[in-house]
Number of protein chains: 2
Amino acid sequence: MREFRTTSLADQVFDKLENDIILGVYPRGEVLTELKLVEQLGVSRTPIREALRRLEQERLINDTGKGSVVLGITEEDLLDIMNIREHIEALAAYYATVNATDDDRKELRHIMDLQDFYYSKWDVEHLRQVDDAFHDTICFMSRRAVITDTLVPLHRKTRRYRRQAMQDKERASHTLAEHHEICDAICSGDAELARSLLSKHIENAKIYMLGRK
Amino acid sequence: MREFRTTSLADQVFDKLENDIILGVYPRGEVLTELKLVEQLGVSRTPIREALRRLEQERLINDTGKGSVVLGITEEDLLDIMNIREHIEALAAYYATVNATDDDRKELRHIMDLQDFYYSKWDVEHLRQVDDAFHDTICFMSRRAVITDTLVPLHRKTRRYRRQAMQDKERASHTLAEHHEICDAICSGDAELARSLLSKHIENAKIYMLGRK
DNA sequence: GATTGTTTTAATGTATACAATTATACTCAA
DNA sequence: TTGAGTATAATTGTATACATTAAAACAATC
């Protein structure tokens with residue numbers, strides 16, 4: 001039986017609040033106070049404070065000294081995130097191709113299979129999760145800490161909008177086809193192709209979500 | 001008399017540790033325990049823990065559950081940071097030019113004057129500070145939260161290497177000249193020129209610090 | 001009625017006590 | 001000497017008490 005390291009309350013609080021803020025459960029402008037969260041979440045102030053400090057570091061909230069204001073992700077933020085990802089994730093794809101191990105390529109192909117499976121079942125929530133896995137795996141495969149640490153939080157912050165986009169079956173099919181192309185480029189070792197395909201992939205997603213801006 | 005808001009101990013601890021890690025006072029691999037820091041810094045565990053959570057969020061340390069391992073900034077990290085900045089700071093320069101107010105332009109020109117002053121005095125530490133101010137101001141002028149929040153920490157993390165580079169008077173003079181060109185482009189409203197000049201400026205710094213990689 | 005000064009309340013900042021966990025040191029037997 | 005088992009110490013996780021600050025409510029004066 002595999003042992004799981006129990007995650008601390010502070011981590012759980014952070015994960016929950018981060019997700020809720022990104023998905024808009026706590027809307028922009030809402031004020032979170034430690035005491036309110038103590039009541040809502042049933043833990044003491046210590047883990048809540050630590051979670052709030054981390055959320056602040058990610059700029060999802062802004063501490064006023066008298067409650068923390070939820071910032072969340074605006075459409076302007078989304079545009080910037082996609083513009084940044086367009087450049088940096090292309091870099092990740094390049095390094096991923098260069099540094100990929102056989103296991104990495106196997107893993108990526110497995111993700112493609114899962115993706116096709118969930119598409120055939122038309123399971124939108126799992127499709128979104130597999131989209132996470134696809135992009136995070138490419139980051140990981142790059143073996144570049146700074147690139148990964150820059151991209152993963154940005155990608156997480158688009159969750160709400162990606163979930164929306166996945167509802168559109170035609171758009172989802174387009175996304176999946178691009179993922180396959182990128183996977184093939186990485187697995188065949190063509191780093192420059194992988195770079196340009198991923199850049200184009202993000203640009204297309206940006207245009208779909210925001211129009212050409 | 002101007003009133004300063006007293007910064008919390010937690011903030012002070014974060015600032016100090018961040019700076020010391022970036023400058024290498026705590027070398028990569030060193031293990032920081034809360035108790036040791038309590039003794040060294042003379043504050044209780046609460047503010048220290050909050051600072052550690054933030055440092056972990058910035059990936060400057062890695063919490064093992066039994067002490068936090070200092071990660072710091074490696075040369076590989078520096079290369080990635082410069083590659084990322086090359087793209088994103090160019091974007092910032094573009095928006096900065098588009099969104100600049102008269103006050104912004106005045107502020108930027110003032111920074112140029114300070115820069116020339118400290119160069120004439122050959123005050124390296126202040127030159128490095130003014131370099132911070134130059135790049136941070138352009139970020140701020142872009143009025144784009146995500147771009148700023150992505151760039152400012154990355155820029156801070158290069159402090160140690162920039163300080164080194166500023167020691168070289170010929171290199172510093174080159175840097176300063178490029179800053180003037182960029183300032184002129186931004187103030188004249190040529191966004192595309194500002195973008196390409198800033199990209200080139202970062203690339204040159206990268207090449208100086210790391211060679212062509 | 002507006003304004004000033006005071007009281008109260010709500011919120012955060014900090015220290016510390018206690019619990020739980022994990023590594024270390026130690027003891028004793030084979 | 002080595003190894004198992006246990007005690008000890010070190011460290012973090014969590015809750016909570018106390019201090020401090022800032023906002024809100026309120027009262028009193030002009």
Side-chain angles (χ1 to χ4, degrees), chain A residues 1-21 25-72 149, chain B residues 1-21 25-72 149:
Chain A
M1 191 69 171
R2 187 163 161 195
E3 285 288 327
F4 289 99
R5 195 182 151 200
T6 62
T7 59
S8 68
L9 293 181
D11 287 345
Q12 291 173 43
V13 170
F14 174 78
D15 288 344
K16 183 199 162 8
L17 291 179
E18 187 197 38
N19 194 55
D20 284 354
I21 292 172
V25 176
Y26 296 106
R28 185 177 174 84
E30 176 153 343
V31 175
L32 303 178
T33 66
E34 295 174 8
L35 218 66
K36 251 193 288 180
L37 293 171
V38 163
E39 286 177 16
Q40 277 178 36
L41 307 179
V43 301
S44 79
R45 283 176 61 212
T46 308
I48 286 174
R49 281 179 67 85
E50 289 177 16
L52 290 176
R53 291 297 83 75
R54 291 173 62 193
L55 292 168
E56 200 182 4
Q57 201 70 12
E58 294 237 315
R59 278 286 207 177
L60 287 168
I61 62 174
N62 181 248
D63 185 1
T64 63
K66 204 82 183 181
S68 294
V69 181
V70 173
L71 299 177
D149 296 340
Chain B
M1 188 69 167
R2 186 161 163 200
E3 286 287 327
F4 290 98
R5 194 183 152 200
T6 61
T7 58
S8 68
L9 292 182
D11 287 346
Q12 290 174 43
V13 170
F14 175 77
D15 287 344
K16 183 199 161 9
L17 290 180
E18 187 196 37
N19 194 54
D20 283 354
I21 292 171
V25 175
Y26 295 107
R28 184 176 174 87
E30 178 154 341
V31 175
L32 303 179
T33 67
E34 295 174 8
L35 217 66
K36 252 194 288 181
L37 293 170
V38 164
E39 286 177 16
Q40 276 178 36
L41 306 179
V43 302
S44 79
R45 284 176 58 212
T46 308
I48 285 174
R49 281 179 67 85
E50 288 177 18
L52 290 176
R53 291 295 85 75
R54 291 173 63 193
L55 291 169
E56 199 181 5
Q57 201 71 9
E58 295 237 313
R59 278 286 205 175
L60 288 168
I61 61 174
N62 180 250
D63 186 359
T64 63
K66 204 83 183 182
S68 294
V69 181
V70 173
L71 298 177
D149 295 341

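Just so it is clear: chains get the letters A, B, ... in the order the sequence lines come, proteins before strands, and each one is counted from 1.
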Open item on the list: Could you tell me how far apart Asp63(B) (CG) and dT21(C) (P) are, to the nearest whole angstrom?
Closed with: 16 Å
Task: Length of the line joining Ile48(B):CD1 and dT12(D):C1', which is rounded to integer Å - done: 13 Å
For nucleotides 7-10 of chain C, print each protein N/O atom paired with a nucleotide N/O atom at under 3.5 Å, atom names and distance only.
unit_1, atom_1, unit_2, atom_2, d
dA10(C), N3, Lys66(A), NZ, 3.4

Hey, what are the protein-to-nucleotides 16-19 of chain D N/O distances that come in under 3.5 Å?
unit_1, atom_1, unit_2, atom_2, d
dT16(D), O4, Thr46(A), OG1, 3.4

Open item on the list: Closest-nucleotide mapping onto DNA chain D: is Glu34(B) or Pro47(A) further toward the 5' terminus? I mean the 5' end.
Closed with: Glu34(B)
TODO: Could you state the atom-to-atom distance from CD of Glu50(B) to P of dT14(C) in whole Å?
DONE: 8 Å
Task: Stepwise side chain to side chain contact (heavy atoms under 4.5 Å, CB included) test for Asp15(B) and Thr7(B) - done: CA-CA 11 Å; Asp15(B) 287 344; Thr7(B) 58; over 6 Å; no
Task: Value rounded to 0.5 Å, distance of CZ in Phe14(A) from CG in Asn19(A) - done: 10.5 Å
Open item on the list: Reading DNA chain D from 5' onward, which residue's closest nucleotide shows up sooner: Lys36(B) or Asp11(A)?
Closed with: Lys36(B)
TODO: Rounded to the nearest 0.5 Å, what's the gap from CZ on Arg28(A) to CG on Leu60(A)? Could you check?
DONE: 11.0 Å
Open item on the list: Please report the distance, rounded to the nearest Å, between CG in Leu9(B) and C1' in dT20(D).
Closed with: 12 Å
TODO: Take Lys16(A) and Val13(A), measure what side chain to side chain contact (heavy atoms under 4.5 Å, CB included) needs, and give me the verdict at the end.
DONE: CA-CA 5 Å; Lys16(A) 183 199 162 8; Val13(A) 170; 5.9 Å; no
Task: Derivation and outcome, side chain to side chain contact (heavy atoms under 4.5 Å, CB included), residues Asp63(A) and Leu52(A) - done: CA-CA 8 Å; Asp63(A) 185 1; Leu52(A) 290 176; over 6 Å; no
- [ ] Identify whether the distance between the nearest side-chain nitrogen and carboxylate oxygen of Glu56(A) and Arg53(A) falls below 4.0 Å.
- [x] yes
TODO: Calculate the interatomic distance between Arg49(A) atom CZ and dA11(C) atom C1'; express it in whole Å.
DONE: 10 Å
Task: side chain to side chain donor-acceptor pair (under 3.5 Å) against Lys36(A), all qualifying residues, sequence neighbours excluded - done: none
Open item on the list: Check this for me: does any side-chain nitrogen of one of Arg54(A) and Asp11(A) sit under 4.0 Å from a carboxylate oxygen of the other?
Closed with: yes
- [ ] Return yes if some donor-acceptor pair links the side-chain N/O of Glu18(B) with the main-chain N/O of Leu55(B) below 3.5 Å, else return no.
- [x] no
- [ ] Can you tell me the distance, in whole Å, between the CG atom of Leu41(A) and the P atom of dT14(D)?
- [x] 13 Å
